[in-house]
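Below is one structure; the comments refer to it alone.
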Amino acid sequence: ARLYEKRIKHAQTPGDRVRLRLDLAKVLEERSRDSKAAQAALEAAFSDDPTDADSYLRISQIYRQQRDFAKAREANDKARALDPNSVEIRYNEVNLLEAEGKNAEAINLMKEILASTAKKTYNPAERGNRSALLERLGFMYRNSEQFGPAVETFRQIAELDPDLAA
């Protein structure tokens with residue numbers, strides 16, 4: 001963490017400071033399990049660039065983990081206002097809805113994400129991302145005891161990438 005603090009201090013631009021603060025927050029959250037310090041790093045990123053959607057997204061994720069859904073939703077709404085087409089921000093909303101116990105809404109939003117990102121062909125990275133989203137939707141269906149849609153969703157993964165079906 002000290003290395004990040006030094007690098008932030010000497011960063012040339014606000015954008016560089018924001019990226020470093022996001023990295024610091026991730027380290028604090030994942031390695032140190034210090035969500036309060038991670039939250040402070042993200043709040044400092046807002047002062048560097050209040051229009052950085054990633055900062056709002058990350059703080060929304062922390063609030064969600066703390067089960068402070070009102071603050072998580074507020075931060076996610078700010079992120080979405082700044083970057084309305086971000087799949088990552090929309091996916092965070094799926095996680096938030098699910099954490100709030102709003103499974104039907106979470107499933108509907110996941111279906112919207114999949115529909116809005118559908119293409120005729122996918123490169124390997126896109127195919128992997130789409131498979132992960134479909135898998136998540138399949139598990140959401142299964143956990144909601146909607147077994148028919150779950151099976152159909154898992155079949156779509158096999159159709160998308162036959163190597164994964166093996």
Side-chain angles (χ1 to χ4, degrees), residues 1 4-5 8 11 13-119 122 125-146 149-150 153 156-157:
Y4 280 104
E5 306 251 348
I8 290 167
T13 68
D16 291 340
R17 283 191 297 276
V18 167
R19 294 294 142 233
L20 289 167
R21 289 184 199 281
L22 287 171
D23 291 344
L24 172 60
K26 186 174 183 177
V27 167
L28 291 168
E29 180 71 21
E30 292 177 359
R31 293 192 187 149
S32 303
R33 303 273 185 233
D34 189 348
S35 63
K36 295 288 184 195
Q39 189 174 339
L42 290 168
E43 287 170 357
F46 298 144
S47 66
D48 289 323
D49 183 0
T51 64
D52 183 69
D54 286 340
S55 298
Y56 288 105
L57 171 63
R58 301 294 173 241
I59 205 156
S60 173
Q61 293 167 337
I62 289 172
Y63 282 134
R64 178 177 42 85
Q65 290 168 349
Q66 295 172 345
R67 305 197 60 76
D68 189 339
F69 300 134
K71 287 184 180 177
R73 180 151 309 284
E74 180 182 337
N76 197 71
D77 289 347
K78 288 179 181 177
R80 192 177 58 235
L82 292 166
D83 190 357
N85 298 319
S86 169
V87 172
E88 190 175 6
I89 292 168
R90 292 168 65 205
Y91 184 76
N92 185 60
E93 188 169 351
V94 168
N95 291 332
L96 181 55
L97 288 166
E98 197 170 36
E100 292 173 314
K102 299 176 181 177
N103 296 332
E105 291 176 53
I107 287 170
N108 286 334
L109 182 54
M110 182 64 86
K111 287 169 41 179
E112 288 175 22
I113 291 170
L114 284 161
S116 71
T117 58
K119 298 166 48 174
Y122 302 93
E126 292 169 335
R127 191 170 29 254
N129 289 338
R130 187 156 188 86
S131 293
L133 291 173
L134 285 166
E135 181 179 45
R136 176 73 191 280
L137 178 60
F139 286 129
M140 291 167 72
Y141 277 133
R142 186 191 69 189
N143 293 340
S144 296
E145 298 184 2
Q146 298 180 44
T153 301
Q156 290 177 42
I157 297 171

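Fair warning: this is a prediction, and the values are worked out from it, not measured in the lab.
Atoms OG and CD, on Ser60 and Gln65 in that order, are 10.0 Å from each other to the nearest 0.5 Å. Atoms CD and NZ, on Gln61 and Lys26 in that order, are 10.0 Å from each other to the nearest 0.5 Å. Ile107 contributes atom CD1, which lies 14.5 Å from atom NZ of Lys102 (distance to the nearest 0.5 angstrom). With rounding to the nearest 0.5 angstrom, the CG atom of Leu96 is 4.0 Å from the CZ atom of Arg73. Gln146 contributes atom CD, which lies 9.0 Å from atom CG of Leu137 (distance to the nearest 0.5 angstrom). Atom CG of Leu82 sits about 11.0 Å away from atom CG of Asp77, to the nearest 0.5 Å.
Nearest heavy-atom pair across Ile89 and Ala79 is CD1-O, 3.5 Å.
The backbone N or O of Gly138 sits nowhere less than 3.5 Å from a side-chain atom of Thr153 that would complete a donor-acceptor pair. Side chain of Arg64 to main chain of Ala72: no donor-acceptor pair is present (N/O by atom type, distance under 3.5 Å, no hydrogens or angles). At least one donor-acceptor pair closer than 3.5 Å links the side chain of Ser116 to the backbone N or O of Ile113. Between the Asn143 side chain and the Phe139 main chain, a donor and an acceptor come within less than 3.5 Å of each other. Although no hydrogens or angles enter the test, the distance criterion places a donor-acceptor pair under 3.5 Å between the side chain of Ser144 and the main chain of Met140. Remark: side-chain polar atoms of Arg58 are not paired, donor with acceptor, to backbone N or O of Ala25 under 3.5 angstrom.
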> So Arg130 and Thr117, side-chain hydrogen bond (donor to acceptor under 3.5 Å, both in side chains) or not? Walk me through it.
Replying inline: CA-CA 8 Å; Arg130 187 156 188 86; Thr117 58; 3.1 Å; yes

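Looking at heavy atoms from C-beta onward, Leu114 lies out of side-chain contact with Lys111 at the 4.5 angstrom threshold. Residues Asn76 and Tyr56 have side chains not in contact (no heavy-atom distance under 4.5 Å, counting atoms from C-beta outward). Counting heavy atoms from C-beta on, the side chains of Asp83 and Arg90 never come closer than 4.5 Å. Between Tyr91 and Arg136 the shortest side-chain heavy-atom distance falls below 4.5 Å.
Using a cut-off of 4.0 Å between Lys/Arg side-chain N and Asp/Glu carboxylate O, Lys78 and Glu74 are scored as salt-bridged.
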